[in-house]
Amino acid sequence: MIAISHIIPLFVAISLLGAFIISIIGKRLKWIPDVIGNITTLILLGLSVLAMWTIVTKGTLVYSVGSWKLPIGIALVLDGLTAFMLITVNLIAFSVSIYSISYMERFTSKWKFYTLFLLMVAGMNGVVVSGDIFNLFVFLEIASVASYALVAFGTERHELEAAFKYTVMSSVGSLFLLLGIVFLYSYTSTLNMADMANILAQKSASNIIIMVIVLFITGFGLKAALVPFHAWLPDAHPSAPAPISAMLSGVLIKSLGIYTLCRIFYNVIGINPTLSSILMILGTLSMVIGVFLAIGQWDFKRLLAYHSISQIGYVILGIGLGTPLGIIGGLFHLFNHSVFKSLLFLNSGAVEYATGTRDLKKMGGLIAKMPVTGTTSLVASMSIAGIPPFNGFWSKLIIIIAAVQANRLGYAFWAVLASILTLASFTKVMKYAFFGKPRKRWSEVKEVPIFMKLAMVTLAIICVIGGVLLISNINQIFLKPASDVLLEGTKYADIVFKGIQ
Amino acid sequence: MSKEHDAGMSLIVKVITRFTVGLILLYGIYIVLHGHISPGGGFAGGVIIALSFVNLMLAYGKDVALKKLPRKTISFFESTGALLFLSIALIGFFGGYFFLNFISKGEPFRLFSAGIVPFCNIAISLKVGAGLFAIFIALVLLKFDWEKKE
């Protein structure tokens, strides 16, 4: 009987295996990339469900790569937050890879797309499972570098420009992170995050830690596109092919930015009131400025990209509150935002696939011609705007209630305001794109192929029933273990060391 | 011989390159194989191996270099290197742990020692050598459609 902890390295190994097999034989056999890409993501999704189940039954698991003794060797850790992120990443990856079967037909060399896509998934899964801060950085770079190439996938002039801008900004972010890791390593002489947390707790406060916190806020802020660092996102996300926009907005900025931010600030360094208010201020800034920038956009995907900045603000605000309710709300909104923002980007891709335009002024009355795209888009829009009973409503409600409970009425006010403005801007999208007068030039438009419909409908169903996750039994399995990890703070170290034996 | 004179650099450079390019390649292989007992290893050796082909290309032009190592072969080697590395890790996985060093470690400081480390070095050198040469080709040769029209 093999120990259950052996599933942890598989999240990285299987996706890398799929990527390299596609790059060897996918060039000659045209059907290989689709088949292997989808099977790989399906296996990963199955494994993540298994991982979540393991967390409920067995608790935190630790895996030592190469059977080296911890904390000297590389540790992979599977705890509640990890399982939660794995489900989010692999769910979106699976629906995106189904969608790509039809969508990527219009591009040449599909095998390159799937190779890079699986490399990106490997990087994101690696970031999430890693318990070693330098490995976290390596996987973060794998995912980032794959995403630079994917943003430039169309190789048109503006796509290359956006990819270059993204590369420069994101590399600067990576350098900040590397510098922060160097300082932490020189201060604690260890790279294992649990060990690091123990040593930091023993040492008295030092100015180096403040320096590291500043570096990490800048670095992870650049990766997560929080407001002062957001300039690359509105260029990069619309320029990528639609499935990749869905991946970037849906999960990349979350696993590379928010997950890492939470993991290091809550579990390694330890949260304090100053840090918490910095996070809340950054969150509120992103929330409000993002939505104000979004409301004037006429490019469908660019509008969605600005909304990503705004919704990330909600997540950071919820997590920054630091109360149990706030953290649950933030994490729940993270999951919900992954689902509905990916769905919206897939919708925008479907519209572009059928009509060839992204300009909202040129669309109109498309719901008559494209019922599935129109309906799913309506569901996603209502979710992101926070209309009951869709999932976005519940998470925003929890965040606002948590802010009121923590006596942070100002933040609650801004959250409500941003939500109203989101509703306004999505009313605009719905009116101009799908409702309104049918235009003559779209009379020949057909609904998109079956695989694209399948992916969109799956995500739409999750949007509708997302509120179910709050029912206490399901909450115990899915959200509670994840928020517990953050609430335990630096006790993370003890839990990981207990898991080793 | 006459065709080789058409492209590339002057005769002096070509003659010197002909003497040195084999030595550079050999030195790269030496660095790879001794990676576990002396400084260097898969990455450094792979870079030197790639440099020998880059040198060939600079001196003789792209045709000679790409005839020695066609683009398809490069991309094949690159993926094979990665797969080889992953399969070493996976064999260890089935033997107990991911990246488990399942071969006997031998005596330290001997050429045949350190278990899987030399094999990992060979896989890395394939990946790095082919990858670096491919990047060089991409930067030198490939052009986009709109660039060709101008």
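All chains are named by letter (A, B, ...) in the order of the sequence lines, taking the proteins before the strands, and each is independently numbered beginning at 1.
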Is it true that, when you exclude [X] itself, more than 12 heavy atoms of the residues, nucleotides or ligands shown sit nearer than 6.0 Å to its [atom1]?
| X | atom1 | result |
| --- | --- | --- |
| A:Phe107 | CZ | yes |
| A:Leu29 | CG | yes |
| B:Phe119 | CZ | no |
| A:Lys112 | NZ | no |
| B:Phe93 | CZ | yes |

> Would you say B:Phe98 and A:Ile8 make side-chain contact, with heavy atoms under 4.5 Å?
Replying inline: no
>> Given heavy-atom pairs under 4.5 angstrom as the criterion, report whether the side chain, backbone, both or neither of A:Ser64 touches chain B.
In response: both
> Checking heavy atoms, do the side chain of A:Leu10, its backbone, both or neither come under 4.5 Å from chain B?
Replying inline: side chain
> Quick one: which residues of residues 36-45 of chain B reach chain A at under 4.5 angstrom, heavy atoms only?
Replying inline: none
> Using non-hydrogen atoms only, which part of B:Thr80 is less than 4.5 Å away from chain A: side chain, backbone, both, or neither?
Replying inline: both
>> Does any backbone or side-chain atom of B:Leu83 lie under 4.5 Å from a heavy atom of chain A? Answer side chain, backbone, both or neither.
In response: both
> From B:Leu86 CG over to A:Ile14 CD1, what is the distance, rounded to the nearest 0.5 angstrom?
Replying inline: 10.0 Å
> So which heavy atom on B:Lys127 is nearest to which on A:Phe20, and how close?
Replying inline: NZ-CE2, 4.5 Å
> Among all residues two or more places apart in sequence or in another chain, which pass the side-chain contact (heavy atoms from CB on, under 4.5 Å) test with A:Leu178?
Replying inline: A:Phe134, A:Phe137
